[in-house]
*Asks:* 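One structure is given below, represented as structure tokens, and several questions about it will come after.
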Amino acid sequence: MNHLAEGLRLPVNGVDYLILIIYFLVVLGIGFMARRSVRTSLDFFLSGRSLPAWITGLAFIAANLGATEILGMAANGAQYGLYTVNWYWIGAIPAMVFLGLVMMPFYYGSKVRSVPEFLLHRFGPPAHLLSSIIFAVSAVLIAGVNLYAMAIVLEALLGWPQWVAIVIAGLFVLAYITLGGLSSAIYNEVMQFFVILAALIPLTILGLKRVGGWSGLSDSLTASHGDDFLTAFGGTGIGESNPLGANWLTIVLGLGFVMSFGYWTTNFAEVQRALSAKNLSAAQRTPLIAAYPKILIPAIVVVPGLIALVMEPSIGQEGSDLQYNDAIPVLMRDLLPNGVLGIAVTGLLAAFMAGMAANVSSFNVVFTNDIWRPYLRPGRSDEHYLAVGRVITAVGVVAGMGTAFIASTFSNIMNYLQTLFSFFNVPLFCVFIIGMFWKRMTGAAGFWGLLVGTVAAMLNYFLFYKQDIIDIPSDQGANFVSSIVAFVAGAVVIGVVSVFTRPKPVSELQGLVYGTTSPGMAEPPAHGDDAWYRRPALLGWGAIILAALCYVPFFS
């Protein structure tokens, strides 16, 4: 397993450890308080569908702002420069708006408890079971990424052995989710969001001061990496070379469309937060509220990666003991005094736990409701499924500990995450988006489209890219291509299979296909929910316009 450099050991003292202890106690306290509200399986898995939009919105963004986001996007900033902003302004905001305005009425209106359950209603058991298995596997793999990142950071920064770090964090996540279910995870994620900000904002401000402000940072990186390193699209013409190893077409189609929409609209770790909202209006506003802080996150995640590259030019270079994943820890070591250092370490720990909790809490829902309940033990009491949910939470945590070792083979964990998304989320999005807008698509087409899309992405990555059959300059470029291949292959198979198989009657597609309605989708806004700032369309278009304006200074 790869380790952070030994030279990153931090001079923590009693104050820093006191901050960590207080954080752990608060996390467990929230779990105990949330436990009183868990009486049914719906309470445990979806918070009884009772939470307000501002809570679910902050939890939505915090669930994404995990270790993979903080360490991974800072690593991307150090490796690829400001091309990384494309993961936010084109690779997140449009998809989050689409989820809120277009897809949440289908999810929430159909009263499903998970994303795979929607496929059960639309396509039948084969596609449902396949998607459930795929999601369960991907959730455990991603949980392992968060545990791995946390373990190597705590070992290098605090001197904790990796197995100690993994066990402690895993047990705390297990404790508060098992106690309070999704409510505990969500309320902790809201707290963790502010703890993460308290850690990253001082780090960014002090880092910019050290390198001479934005002008000093820009001058240094332009001199060492060229003018395009601080642009969003410079040098991305077809046939041109750039650090990202991708052109504008693969960025727009691979990242901006299929990979982005595949992640944000079908990843149940995110959608689960919106499904826990108290009504359809709150569910729609959940990803839209989250979109606004998401627009600004590059300032405290990507920029530190650039700062680390100026302060440690050897980072990620051959022969150096510093990997790109070390960008944030480098700044913590060199910039933060005791006390603030404790807050920063706590913020990182909060990020790891938020990311892992999001995947574990979604894993226990999908396994219990989409695999155990319909296929292994149907017809049991609600108490039985609640008990299974608690047990499978422990299984998910232990499995995440095992998959942490897979993540150790990647020097940039964001490369690994994007590879997983191209394998699992993109084919699922292909099936969703076509099935949601085409009544003629059949259940068999859903199953085969999902299977072929997943296999096609894996073949492109492991065979054509890894074996150098086709020349793609970087892992991220390969991920963009894999995403396009997965979507196109799945779409072709869906079209062909649908022609030769029988579709469902239109009467069975109410609320499942665009142009049809269900009672839940026609839900009127609650009293007081018609204010302009609570209208999903205005929130959505506002986020897209703001994200587009952010591109202006970095567009080339």
Side-chain angles (χ1 to χ4, degrees), residues 1 44-45 63-64 66-69 71-72 113-117 128-152 162-163 165-178 181-182 185 189 262-263 266-273 351-373 375-376 388-410 413-428 450 454 457-458 461:
M1 181 176 280
F44 185 77
F45 293 128
N64 178 252
T68 56
E69 175 87 357
L71 291 187
R113 290 159 296 190
S114 68
V115 170
E117 189 177 351
H128 171 241
L129 180 59
L130 178 61
S131 67
S132 300
I133 293 172
I134 287 175
F135 178 81
V137 171
S138 66
V140 168
L141 289 170
I142 296 171
V145 176
N146 283 279
L147 267 183
Y148 162 69
M150 182 217 60
I152 61 172
Q162 282 193 12
W163 71 268
I166 287 176
V167 170
I168 289 178
L171 288 179
F172 268 88
V173 171
L174 174 61
Y176 72 76
I177 295 180
T178 304
L182 184 62
E189 284 162 1
Y263 174 80
T266 66
N267 182 12
F268 185 50
E270 301 292 340
V271 175
Q272 185 185 24
R273 274 77 194 142
F352 303 144
M353 295 174 70
M356 184 181 180
N359 285 282
V360 170
S361 62
S362 58
F363 168 77
N364 65 28
V365 177
V366 169
F367 184 89
T368 305
N369 285 328
D370 295 292
I371 298 176
W372 187 269
R373 185 192 296 259
Y375 301 108
L376 299 177
V388 170
R390 294 187 190 277
V391 171
I392 205 64
T393 299
V395 173
V397 170
V398 173
M401 293 178 183
T403 60
F405 290 88
I406 300 176
S408 68
T409 61
F410 288 75
I413 57 175
M414 188 51 65
N415 288 345
Y416 174 53
L417 261 293
Q418 299 294 319
T419 301
L420 295 180
F421 296 155
S422 68
F423 291 171
F424 302 128
N425 293 95
V426 171
L428 187 58
L450 180 58
T454 302
M458 291 180 174
Y461 186 84

*Asks:* Does any non-hydrogen side-chain atom of F135 lie less than 4.5 Å from one of N267?
*Replies:* yes
*Asks:* By the side chain to side chain donor-acceptor pair (under 3.5 Å) test, which pairs, at least two apart or in different chains, include something from residues 128-145?
*Replies:* H128-D370, H128-Y375
*Asks:* At their closest point, which heavy atom of F423 faces which heavy atom of A457, and how far apart are they?
*Replies:* CE2-O, 3.6 Å
*Asks:* For N425, enumerate each residue passing the side-chain hydrogen bond (donor to acceptor under 3.5 Å, both in side chains) test, keeping only those at least two apart in sequence or located in another chain.
*Replies:* none
*Asks:* Checking E270 now: which residues fulfil salt bridge (charged side-chain N to carboxylate O under 4.0 Å, His left out) with it, not counting sequence neighbours?
*Replies:* none
*Asks:* List the steps, then state whether side-chain contact (heavy atoms from CB on, under 4.5 Å) holds for T266 with V271.
*Replies:* CA-CA 7 Å; T266 66; V271 175; over 6 Å; no
*Asks:* Closest approach of F424 and M458, non-hydrogen atoms and distance?
*Replies:* CE2-CE, 4.0 Å
*Asks:* Please name the pair of heavy atoms, one in L450 and one in T454, separated by the smallest distance, quoted to 0.1 Å.
*Replies:* O-OG1, 2.9 Å
*Asks:* Determine the minimum heavy-atom distance between G396 and F363, stating which atoms define it.
*Replies:* CA-CE2, 3.6 Å
*Asks:* Once rounded to the nearest 0.5 Å, what's the spacing between atom CD1 of I371 and atom OG of S114?
*Replies:* 9.5 Å
*Asks:* Given side chains that start at C-beta, do those of W372 and F367 come closer than 4.5 Å, heavy atoms only?
*Replies:* yes
*Asks:* Which atom pair, heavy atoms only, marks the closest approach of I392 to G389?
*Replies:* CG2-O, 3.4 Å
*Asks:* Measure the shortest side-chain to side-chain distance between I134 and L130 over non-hydrogen atoms and say whether it is less than 4.5 angstrom.
*Replies:* yes
*Asks:* Y263: what forms a ring-ring contact (aromatic ring centres under 6.0 Å, His included) with it, not counting sequence neighbours?
*Replies:* F421
